[in-house]
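Please read all numbers here as calculations on a predicted model, not as lab measurements.
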Amino acid sequence: RKRRKRYEHNDLSFPILVMQVGTTLFIGCCVVFVGLKHLFPSSFEGTTTTATNDDDTYADDVTEVDIPEQLQEEEQPKQPKEAIIKEGETTAPTVAPTLEEIPPLPVWDLGQNAHYDAYGIMEGLLLEIDDDNLNNEFWTVAKELRQEFASRYGGENAARAMLERALSTFSNQKELEKDAYYPSDLVQTACRMKNKIKGTTTPQEEGVGTGVWKMAFGGYSVTVGRGNKFSQSFPFIMEQILSRPMKLLGLELHVRNAAIGGIPSFPYGWCLKNFWDSDPDVVSWDYAMNEAGGVPEGLEAYLRHITTLNSHPQLIVKDTYSAEKRKKVLQRYAIGEGDTSSDVSIVNTLLIHTDPAVDPLLDIKEKFRPFGFQRWREWGAPNGAPGQSLHHPAVKEHELIGWTLSMYFLAALELVAADVLTKKTILKCPTTTTTTTTPRVDGSFSRTIPPPMTVDIASTITNNTNTTEPVWLSLLYGRPSTSTSNKEWTLRPVHCRTSFEPLVRGDLKSIVVTGTAGDEIDLMLPKGRYFYGKGWVMDLSDKEKLAKRKLERYPELGFVDSKKAYYGVYESGPLTFLLPYEKSSSESDATAAKVAPKVGDDARLWFSSIVVCEVNEERGNGECQAESDMSYKVSGVNATKATIMDAGGTLYLGKKLCMYIEIPDEARITSRSDVLKQKEVEYASTSKNKTKMEENDDAIGISFEVQVVNKHVYDKKNACSVSHVVWEQMPPTPSRDKT
């Protein structure tokens, strides 16, 4: 113990130990530094830095050399940089970088379509417009837009060539060769615009002379603008570009982006009036992703249902360049067979495919690209925001789509301006914007359409004995207008209620009679078995809630779409709707009173079929199967003829979403009040969830009931859902006139 004490007393104190070690390290570092400086003096004499010009210019990157202070004598600047070597140095001289030349953009040969773009139209109109008219502000604004488009996309030649590659229009070539100076598609668009201007025409039909031009866009996440701000999606880019020139001609532009992320063409295509209203001038759909492979059936059905809108709008389709089958469908509906001047345009269509337009310019090195192609994959939303994936366009691509489409409509506006401002007959417009119509008994009109070209269902519908094709195809494509001819087809009136948003009208809640629970609870709050045991719950799927929570971190994005639905399990019991019989928009109240159903009538005289669709989501194994886990009743009668639909355009990731239900023979017309008395319960939804028309207990129609019958469907994870209820009405006939 004494020896240990003496050893401890001999230990150095901590401060002394630190000083000794620190001094030793300092001396060592100094020796190493001096040695290295003596051996490699050039490494300590100068540095090089690189300065890069702004990406928005076409300038080269330039490398500059900083000369050490001791070498900056008067005679030194006269020497080339590569000759500046310190005496005694053995390193190789520094070589100045070679300046990279800016490669010239290719010069494209412009085709015939360039004669009818905004530049070509203006060149031709200069012969018709005098100097006084050229001073009108519209022509100044149009010129500025053409110049900006050219500046963005590589100059006038490159920009016009890109327009030709990006847009496919459909005009009757025989008509163009015969006596028409402008393509028929452009004339149709221009004439519709002219007819909308107040005071230019005498209103002969609904929507003429309103002074409003409406554009309504449908589609999925690409059109929504995922990865960017909602306001940066291409529909709103078009609004920013076209609002001013339209206003100068007396048109107020209204743009509605009603696209919803991750949806197929149907059931959206049955609910166009719900999302767009009935009077848009231009509508759209996007086929590049959800219906990949160029399958045309969904597009043709979508086209046919667009003809049921009162305004018969022009259709913009965004698609891949390789989807040739869909392109042929668009051509057929735009110009018929295209071999005679008498072919009728059913739907004026415009096809945009950006890949062949941008690929040649994206192959150029980034710093040499035109401004519109730089920072091509830079997002408009903050980094990390939802939707920033490869299949979603970034801001610059949305801008390109918006500018490309806007230049087409600018060309039409130029024709309108020349016609209106010069008082010359530039446009030869028909007296009406519609085409062939067939009068109904009630005085309304149903537009005739050709037989479908992608499916053969004529024998099925005409004979009602051929069972080789599903009966529900008529809900997609229509049926022959007469029993003796297969040349003219019509669609029966189709009505929809949906829980998807954004809606203009027709909320699914408005037709609910009984069977819901928790309607007042916020959608984002969790809802357990307590609520599901009391009834069907308006809710979002777990994946949808997760997506919404991610979006909540970025409130500036501004997205408005939502895929909510009624969810139910075995304990939820029945969910009952009242599907009202609705008159057509052209029916007068007097006509509607004469030809209307009454309680007790045979339901099959007034209703043809019902479709109920679940929310489009993929929940994996164990999720509800609508064809086996649910039962359906129509006016209290079991619907035994219920078929899952597998038509093109109705599937989501291969999943079948919709059930087609035939009206049972015993089903009868009923009223909302009668359904309530039968159920002996109060309203399941509050009055604020009902539309004005349907607050009336005497609304007439058929009741429709859905219920989960599989006891193993007990949890929300595998719950059944209802997001759309669609019904097909029978057209009025004299035999049902109750007067």
Side-chain angles (χ1 to χ4, degrees), residues 266-267 270-271 305 308 440 442 446 457 460-467 469-480 483 490-497 508 511-513 515 574-584 595-614 626-627 630-645 647 650 658-672 674-675 678-679 694 699-707 709 722 724-733 735-738:
F266 289 86
W270 289 313
C271 306
H305 280 270
T308 65
R440 292 179 181 161
D442 64 351
S446 173
I457 59 174
T460 304
I461 295 171
T462 305
N463 301 328
N464 284 328
T465 57
N466 188 333
T467 58
E469 295 287 351
V471 292
W472 41 257
L473 283 178
S474 63
L475 183 60
L476 291 167
Y477 302 102
R479 60 191 69 233
S483 59
T490 58
L491 285 157
R492 289 175 175 171
V494 175
H495 301 279
C496 167
R497 297 293 186 274
L508 184 59
I511 59 171
V512 171
V513 181
L575 174 62
T576 306
F577 304 94
L578 192 284
L579 314 186
Y581 184 86
E582 298 187 342
K583 67 173 186 174
S584 68
V595 186
K598 293 185 178 179
V599 174
D601 284 354
D602 185 346
R604 294 175 304 161
L605 294 175
W606 302 94
F607 292 83
S608 176
S609 61
I610 302 171
V611 172
V612 58
C613 301
E614 57 181 325
E627 68 271 34
M630 296 176 68
S631 67
Y632 309 93
K633 290 183 178 181
V634 179
S635 291
V637 181
N638 286 325
T640 57
K641 295 181 179 179
T643 311
I644 192 78
M645 300 179 69
T650 65
C658 299
M659 292 291 296
Y660 179 88
I661 297 154
E662 298 182 49
I663 305 298
D665 296 345
E666 301 82 6
R668 293 292 180 266
I669 298 295
T670 186
S671 70
R672 190 181 184 94
D674 286 346
V675 175
Q678 183 181 1
K679 295 291 182 180
E694 288 157 342
I700 301 297
I702 54 175
S703 66
F704 176 57
E705 181 180 293
V706 298
Q707 184 171 2
V709 294
V722 175
H724 300 71
V725 175
V726 178
W727 62 97
E728 184 183 23
Q729 293 181 182
M730 297 292 290
T733 60
S735 62
R736 298 184 317 195
D737 191 331
K738 299 304 174 183

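Atom CG of Leu475 sits about 5.5 Å away from atom CE of Met645, to the nearest 0.5 Å. Distance check: Ser631 OG to Glu705 CD gives 7.0 Å after rounding to the nearest 0.5 Å.
With salt bridges taken as basic N to acidic carboxylate O contacts below 4.0 Å, none links Arg668 and Asp601.
Within the 3.5 Å criterion, the main-chain N or O of His495 finds no donor-acceptor partner in the side chain of Gln729. Using modelled atom types, one side-chain atom of Trp727 and one backbone atom of Pro580 make a donor-acceptor pair closer than 3.5 Å. In this structure a side-chain-to-backbone donor-acceptor pair under 3.5 Å is present from Asp602 to Arg604.
Taking the side chain as every heavy atom from C-beta outward, Arg479 and Arg492 approach each other to under 4.5 Å. Under the 4.5 Å side-chain criterion, counting only non-hydrogen atoms from C-beta, Ile610 is not in contact with Val726. Looking at heavy atoms from C-beta onward, Pro267 lies in side-chain contact with Cys658 at the 4.5 angstrom threshold. Two residues are said to be in side-chain contact when any heavy atoms from C-beta on lie closer than 4.5 Å; Lys598 and Ile700 fail this criterion. Within the 4.5 Å cutoff, the side chain of Thr643 has no heavy atoms near those of the Val471 side chain. Put simply, the side chain of Val725 reaches to within 4.5 Å of the side chain of Leu579, judged on heavy atoms.
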Steps toward side chain to side chain contact (heavy atoms under 4.5 Å, CB included) verdict (Ile669, Ile702): CA-CA 5 Å; Ile669 298 295; Ile702 54 175; 4.0 Å; yes

Working for side chain to side chain donor-acceptor pair (under 3.5 Å), residues Ser609 and Glu728: CA-CA 5 Å; Ser609 61; Glu728 184 183 23; 2.9 Å; yes

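Scanning both residues, Val722 and Met630, for their nearest heavy atoms gives CG2-CE, 4.4 Å. Here the closest heavy-atom approach between residue Phe577 and residue Leu575 is recorded as CZ-CD2, 3.4 Å. Scanning both residues, Ala596 and Trp606, for their nearest heavy atoms gives C-CH2, 3.4 Å. Scanning both residues, Ala699 and Leu578, for their nearest heavy atoms gives O-CD1, 3.9 Å. Val634 and Pro664 make their closest contact through CB-CD, 3.6 Å (heavy atoms, listed as atom of the first residue, atom of the second, distance). Nearest heavy-atom pair, Ile661 versus Ala639, reported as atom, atom and distance to 0.1 Å: CG2-CB, 3.5 Å.
Under the rule for a ring-ring contact (aromatic ring centres under 6.0 Å, His included), the partners of Phe266 that lie at least two apart in sequence or sit in another chain are Trp270, His305.
Ring geometry for Tyr581 versus Phe607: interplanar angle over 60°, hence perpendicular rather than tilted (30 to 60°).
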